[in-house]
Amino acid sequence: MQPVQWNSFFRNIIDQPINYMSKRFNYTAIIISFAAIWTGIRAGEGYAPNIAEKDYVAYLFTYFHGNNVEQEQICFAVSLDGYHYRALNNDQPVIDSKEISETGGVRDPHILRAQDGETFYMVVTDMTSSKGWDSNRGMVLLKSKDLVNWSSSVINIQKKYPGQEELKRVWAPQTIYDPHAGKYMVYWSMQHGNGPDIIHYAYANEDFTDLEGTPKQLFFPKNGKSSIDGDIIYKNGIFHMFYKTEGHGNGIRKAMTDNLTSGCWIEQPDYKQQTRHAVEGSSVFKLANQEKYILLYDVYGRGEYQFCESVDLDNFKVIDHEISMDFKPRHGSIIPITKKELEAITGRWGVPEGFKIPTNQNPVLTGYYADPEVLYSEQTGKYYIYPTSDGFPGWGGYYFKAFSSEDLSEWKDEGVILDLKDVSWADENAWAPTIIEKKTGRNKYKYYYYFSGGKNGEPKKIGVAVADHPAGPFVDSGKPLIDFKPEGVKDGQEIDPDLFFDPVSKKNYIYWGNGYMAGAELNKDMVSIKRETVKEMTPDHTFREAINLFYRNGLYYFLWSEDDTGSPNYKVRYATATSPLGPLHIPDNNIVIMKDEARGIYGTGHNSVLQIPGKDEWYIVYHRINKHSLNNGPGYHREVCIDKMEFDDDGNIRQVIPTE
């Protein structure tokens, strides 16, 4: 759990008498929504997305150019730091307005990453200003999975809804996820007759191709006057809406609510723009992995954009001297993007001159995952990673995923392969899986998947689930395989299993333990253990957990992790043996991989090892602590990495230098 972070303005509100607050705001909900911020999805609430804030390496700026028809089109620019931007496609449109709109032009593009982390929604004003500022009646909804290919739907408010005869204009739509409704809200300003411009909303349908229900008023300014260009950002349980006051002291103001559809907003009296010139089209975004926000707005009378920085969304300072752009944008929006997404859009529209694509190869999976098990499948000819789903306080994950690859570089999410809701003996702490492939006939295979789990207040246990395909689904055997300690062992936990097929004896072995190391032979059914073969094998005082075994050139290599998984000093050591159950020989220098503080690499541990089929080519697959989380739950903010592992002429493992 992270500490509560109170917004400075709400400190003032909370200090007010209760009767003031009850009139202005649902103060109980403030306290509840501020109580804690969780990094993972809790049981019964679905599965966490594969994209986390730590995965962002760049920013995408969507904008249009001006008031001529040929300028009213969507353009893209990119930045590595949120301050210096370069236009894609030579500053030419990336989407043809004539193909997606009724009017032939679009303006005010707003882009949003969906809750799944992998879908993008963009909304634009369907308008050509050459026909007059009161000429448009609708918007365009766009959807993409890769930022390159977009589907679109035109929404003409006047045609779609009755009673809109006096509708004059539909401006600057945006989208935000409403957690209370569990839907995506599209909001925009409309003017009817001689009335004020009012910010309305409706929810998008599941496909993001249409609006559901009748538009309703979203924002009710106390003065009853016009408001346009609403832009909402969510922070610490509160929705902060920046908007332009139109026709009465033009400028950018802010209002806040804890419930978007409550009609109850707290309006701040001051203007947020840091210029005396007329402005519009504000947009705010958070810098990735920093507690800083950037507010940008269109100083339209001067043909300029101004950028301001804030840490609290209340007080802003101009940072124009830190900004560079090789284009002149109008009313747009900015989101952070991943390396894969950056490669997709630069692959389609070219890499701007002087712009360098990040070359980091690790982590190989986006999102928070740990304890990776790796497998090459003869059945599919693909590689698979089976990790612990991370990002849960207290290591409270409750499901397992699998990822597949043909080249160890690009990984596909195969989805959830086992959920503890389908396991009778465990409902939390889904940890540290291991897997083995067994050929059972011509083109027939079985996969035995061993994992740790437990119930609140009970000792951890190890179970096994079975499937016919490496991507599952896996079915639990119905009972734990290991729920005991070896003879003489009093402390530690029954977790972190590892399976090993001995190419010499043709027997199958299982290893496990936290605080101790044990090994035993499995029965031929692969779901039961030969109790008489159980052996306590703890190598030395450095052993903590995560045993992993492989065989090379007549030697059995035993790798384990030292220290706590939340420690920056978490590392991998090894020993060798001439049989699967020891005795173990520990080399003088037996560190396999460890932190590299100079490059921000910490907590490298809990590994598995992959041999490329038919080659003496080896890789270590491990997790490390995300460098931005060293002081914020480091033990459950981990990411999966792969590095090459080599041996000297005597068979000793050369210490692996972790790569960025």
Side-chain angles (χ1 to χ4, degrees), residues 371-376 432-438 448 450 462 481-482 486 489 495-524 526 529-562 571-593 605-622 643-656:
D371 314 329
E373 167 77 347
V374 66
L375 170 77
Y376 173 77
T434 186
I435 192 170
I436 193 166
E437 178 184 63
K438 291 293 182 181
Y448 297 91
Y450 304 80
I462 294 171
L481 172 65
I482 298 173
V489 175
I495 62 172
D496 294 1
D498 186 60
L499 254 290
F500 173 69
F501 171 70
D502 181 12
V504 178
S505 67
K506 310 302 181 186
K507 295 178 180 180
N508 296 286
Y509 292 86
I510 186 168
Y511 303 84
W512 73 93
N514 164 279
Y516 69 89
M517 172 184 154
E521 186 182 337
L522 285 174
N523 288 310
K524 290 184 178 180
M526 302 298 292
I529 198 169
K530 291 185 178 181
R531 291 289 289 263
E532 69 276 12
T533 67
V534 173
K535 182 179 180 180
E536 191 269 327
M537 302 176 61
T538 308
D540 63 15
H541 69 281
T542 67
F543 181 89
R544 179 64 173 262
E545 60 193 8
I547 186 65
N548 179 245
L549 181 63
F550 67 91
Y551 179 82
R552 178 183 182 270
N553 294 346
L555 279 180
Y556 298 86
Y557 291 79
F558 294 78
L559 281 64
W560 66 88
S561 292
E562 176 187 357
K571 63 176 70 70
V572 177
R573 293 183 180 270
Y574 82 101
T576 60
T578 56
S579 76
L581 294 177
L584 302 181
H585 167 70
I586 302 176
D588 292 335
N589 182 11
N590 71 332
I591 293 177
V592 178
I593 190 169
H606 202 129
N607 73 282
S608 58
V609 171
L610 172 70
Q611 180 184 10
I612 302 300
K615 298 181 179 180
D616 189 27
E617 183 178 343
W618 300 79
Y619 292 88
I620 183 169
V621 185
Y622 61 97
D643 278 310
K644 195 166 187 179
M645 189 171 72
E646 297 178 327
F647 304 82
D648 66 19
D649 293 340
D650 296 323
N652 298 305
I653 299 176
R654 291 190 172 120
Q655 184 171 330
V656 177

Check: Do T434 and E373 get their side chains close enough for a donor-acceptor pair, meaning under 3.5 Å?
Finding: yes
Notebook entry, point to check: When rounded to the nearest 0.5 angstrom, what distance separates CZ in F558 from CE in M537?
Noted result: 4.0 Å
Note to self: Quick check: closest heavy atoms across P587 and A575, and the distance to 0.1 Å?
What the structure shows: CD-CA, 4.1 Å
Item checked: Any L549 side-chain heavy atom under 4.5 Å of Y509 side chain -> no
Margin query: Using modelled atom types and a 3.5 Å cut-off, is there a donor and acceptor pairing between side-chain atoms of T542 and backbone atoms of E562?
Written below: no
Next item on the list: Could you tell me whether the side chain of E617 reaches within less than 4.5 Å of the side chain of K644, counting heavy atoms only?
Entry: yes
Check: Pick one: which of Y556, Y619, Y511, W618 meets ring pair (Phe, Tyr, Trp, His ring centres under 6.0 Å) with F550?
Finding: W618
Check: What do you reckon, are the aromatic ring centroids of Y450 and W512 less than 6.0 Å apart?
Finding: no
Next item on the list: Could you tell me whether a side-chain N or O of N607 sits under 3.5 Å from a main-chain N or O of Y622, the two making a donor and an acceptor?
Entry: no
Note to self: So, taking the atom named CG in N589 and the one named CD1 in I653, what distance separates them when rounded to the nearest 0.5 Å?
What the structure shows: 11.0 Å
Note to self: Keeping S561 on the side-chain end and G605 on the backbone end, is there a donor-acceptor pair under 3.5 Å?
What the structure shows: no
Check: Can the ring centroids of Y557 and F647 be said to lie less than 6.0 angstrom from one another?
Finding: yes
Next item on the list: Could you list the residues that satisfy salt bridge (Lys or Arg N to Asp or Glu O under 4.0 Å) with R654, not counting sequence neighbours?
Entry: none
Check: What's the spacing between I462 CD1 and I495 CD1 if we round to 0.5 Å?
Finding: 8.0 Å
Checklist line | Gap separating the OG1 atom of T578 from the NE2 atom of H585, nearest 0.5 angstrom | finding: 11.0 Å
Next item on the list: Among L559, I586, I591, find the residue that satisfies the side-chain contact (heavy atoms from CB on, under 4.5 Å) test when tested with R573.
Entry: I591
Checklist line | Side chain proximity check, F501 to K506, heavy atoms < 4.5 angstrom | finding: yes
Notebook entry, point to check: Any side-chain heavy atom of W560 sitting closer than 4.5 Å to one from D540?
Noted result: yes
Item checked: CZ on R531 to CD1 on I482, rounded to 0.5 Å -> 9.0 Å
Next item on the list: Would you confirm whether N508, through its side chain, and M526, through its main-chain N or O, come within 3.5 Å as a donor-acceptor pair?
Entry: no
Next item on the list: Decide yes or no for Y574 and N548: does some side-chain heavy atom of the first lie under 4.5 Å from some side-chain heavy atom of the second?
Entry: no
Margin query: Applying side-chain contact (heavy atoms from CB on, under 4.5 Å) to N514 and R544, what does each step give before you reach the verdict?
Written below: CA-CA 6 Å; N514 164 279; R544 179 64 173 262; 4.0 Å; yes
Check: Are L522 and L499 close enough that some pair of their side-chain heavy atoms sits under 4.5 Å apart?
Finding: yes
Notebook entry, point to check: At what distance, to the nearest 0.5 angstrom, does CD of E545 lie from CG of D371?
Noted result: 7.5 Å
Check: Taking T538 for the side chain and Y516 for the main chain, is one N or O donor matched with an acceptor at less than 3.5 Å?
Finding: no
Next item on the list: Return yes if some donor-acceptor pair links the side-chain N/O of K535 with the main-chain N/O of L581 below 3.5 Å, else return no.
Entry: yes
